[in-house]
Amino acid sequence: MRTTSSLPLIFTAASLLAIPALAQQSPAPQGAQPQAAGAAPSTAKPSPKDTEVWEPVPPIVTPGSANSAPPSDAIILFDGTNLDQWVSVKDKSQPADWTVADGILTVKKSPGNNIETKRSFKNYQLHLEWRIPTDITGSDQARGNSGLFLASTGPGDGGYELQILDSYNNKTYVNGQAGSIYKQGIPLANAMRKPGEWQTYDVVWTAPTFNADGSVKTPAYVTAFHNGVLVQNHFELKGETLYICKPVYQTYDTAPIKLQSDGDPSPPISFRNIWVRELK
């Protein structure tokens, strides 16, 4: 009897019997979740309500009549009438010694005559308008030089500076032109209007935080718009903005906002409509 002739038939039958078993063991589609043994298959259908969040409800803030006008929760730092919210940086017991006339604040230029807010802040949104005089003179850094210090951490120019300068057809180092984080962040664009026209800064400041040993926990960040144009996009600072040397951090919790009276010989610049919203 020839047994070899029956081998192909036996193999073929075994193969056919194995096909359903292999089909039953096919892997689950990618991303599918395994079902617990004995669990009934889920029949629930996704609903829009699954991703709806109803609380906490954001507070109501009434916007100003224009984007430049202070909203209902803003702290007014200068409304054109007085400098009650400001003091001298050199002597914080003394009022700010700048000139207020016709609703405008003008720098009184003398060495170290910076001013800062009486209040201290941490994280905030700030609006500020500034103007280079039409009769501006000088070039490079000696042309309408000033600064908005987002956190004043010490005397003089200590802190974190968003540069103010006439950058309308005025060549200077790019990390020192208007819209720069001084000596650190080059602006994404030069959005400068010509001298005599009002400029606007709208800034979101995120203060640095520190560990108990003084090391940096989270760095400072700045987002800034110059005349409605984004010039700093969540820029990460490496420390305080220094004229000389590399930036370093110094521990602080809250700090005043400071305006600079630079010692350059050009005519003084002016400010108006300054307000801030604290961010919790």
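By convention here, the first residue in the shown sequence is residue 1.
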So, for [X] and [Y], which heavy atoms are closest and what is the spacing to 0.1 Å?
X      : Y      : answer
Arg143 : Leu165 : O-CD1, 3.4 Å
Ala255 : Ala151 : CB-CB, 3.9 Å
Pro195 : Thr134 : O-CG2, 4.0 Å
Ser270 : Thr106 : OG-OG1, 2.9 Å
Gly80  : Val100 : O-CG1, 3.7 Å
Trp205 : Pro208 : CZ2-CD, 4.0 Å

Measuring from [X]:[atom1] to [Y]:[atom2], what's the distance to the nearest 0.5 Å?
X      : Y      : atom1 : atom2 : answer
Ser266 : Ile132 : OG    : CD1   : 7.5 Å
Ser110 : Lys90  : OG    : NZ    : 5.0 Å
Arg193 : Arg131 : CZ    : CZ    : 13.0 Å
Glu161 : Leu242 : CD    : CG    : 10.5 Å
Lys238 : Ile181 : NZ    : CD1   : 13.0 Å
Leu230 : Phe225 : CG    : CZ    : 4.5 Å

So, do [X] and [Y] sit near enough that their side-chain heavy atoms are less than 4.5 Å apart?
X      : Y      : answer
Trp275 : Pro71  : yes
Leu259 : Leu148 : yes
Leu162 : Tyr182 : no
Gln232 : His226 : no
Ser68  : Thr200 : no
Phe121 : Leu126 : no
Thr137 : Pro267 : yes
Lys92  : Glu116 : yes

> Given the rule in the side chain to side chain contact (heavy atoms under 4.5 Å, CB included) test, do Tyr173 and Ser180 qualify, once you have shown the distances and angles that lead to the verdict?
Replying inline: CA-CA 10 Å; Tyr173 45 92; Ser180 67; over 6 Å; no
>> Taking side chain to side chain donor-acceptor pair (under 3.5 Å) as the definition, give me every residue that meets it alongside Asp202, ordered by chain and number, with sequence neighbours left out.
In response: His127
>> List the residues meeting side chain to side chain donor-acceptor pair (under 3.5 Å) with Lys108, not counting sequence neighbours, and say none if there are none.
In response: Asp97
Under 4.5 Å between side-chain heavy atoms, hopping through other hydrophobics if needed: is there a path connecting [X] to [Y]?
X      : Y      : answer
Val231 : Trp198 : no
Phe149 : Ile257 : no
Ile164 : Val89  : no

Distance-only, no hydrogens or angles: does the [X] side chain make a donor-acceptor pair with backbone N or O of [Y] under 3.5 Å?
X      : Y      : answer
Ser167 : Ala178 : yes
Lys109 : Asp264 : yes
Ser146 : Asp262 : no
Gln177 : Pro187 : no
Asn170 : Asp166 : yes
Lys183 : Tyr243 : yes

Under 3.5 Å, side-chain donor or acceptor atoms of residues 246-254 against the rest of the protein: list the pairs with distances, not counting sequence neighbours.
residue: Tyr249; atom: OH; partner: Ala220; partner atom: N; Å: 3.0
residue: Tyr249; atom: OH; partner: Leu237; partner atom: O; Å: 2.6
residue: Asp253; atom: OD1; partner: Lys122; partner atom: NZ; Å: 3.1

> Cut-off 3.5 Å, side chains only: do Gln199 and Asn227 have a donor facing an acceptor?
Replying inline: yes
> Going by distance alone, is a donor N or O of one side chain under 3.5 Å from an acceptor N or O of the other, for Asn123 and Thr206?
Replying inline: no
> Mind checking whether His234 and Tyr221 have parallel, tilted or perpendicular rings, split at 30° and 60°?
Replying inline: parallel
>> Please check if the number of heavy atoms outside Asn82 that lie under 6.0 Å from its CG is greater than 12.
In response: yes
>> Tell me if the CG atom of Asp102 is crowded by more than 12 foreign heavy atoms within 6.0 Å.
In response: no
>> Does Tyr160 form a side chain to side chain contact (heavy atoms under 4.5 Å, CB included) with Val222? I'd like the steps, not just the answer.
In response: CA-CA 10 Å; Tyr160 304 83; Val222 176; over 6 Å; no
> Yes or no on side chain to side chain contact (heavy atoms under 4.5 Å, CB included) for Ile75 and Leu77, after CA distance, side-chain angles and deciding distance?
Replying inline: CA-CA 6 Å; Ile75 299 170; Leu77 298 179; 4.2 Å; yes
>> Between the side chains of Asp157 and Lys258, is the shortest nitrogen-to-carboxylate-oxygen separation below 4.0 Å, so that they form an ion pair?
In response: no
> Under the side chain to side chain contact (heavy atoms under 4.5 Å, CB included) criterion, do Asn145 and Gln260 qualify, and how do the steps go?
Replying inline: CA-CA 9 Å; Asn145 197 325; Gln260 183 187 50; 3.8 Å; yes
> How far apart are the C-alpha atoms of Lys118 and Asp84, what are their side-chain angles, what is the distance that settles it, and do they pass the salt bridge (Lys or Arg N to Asp or Glu O under 4.0 Å) test?
Replying inline: CA-CA 8 Å; Lys118 292 180 179 178; Asp84 289 352; 5.9 Å; no
>> Using the rule ring pair (Phe, Tyr, Trp, His ring centres under 6.0 Å), only one of Phe78, Tyr201, Phe271 pairs with Trp130; which is it?
In response: Tyr201
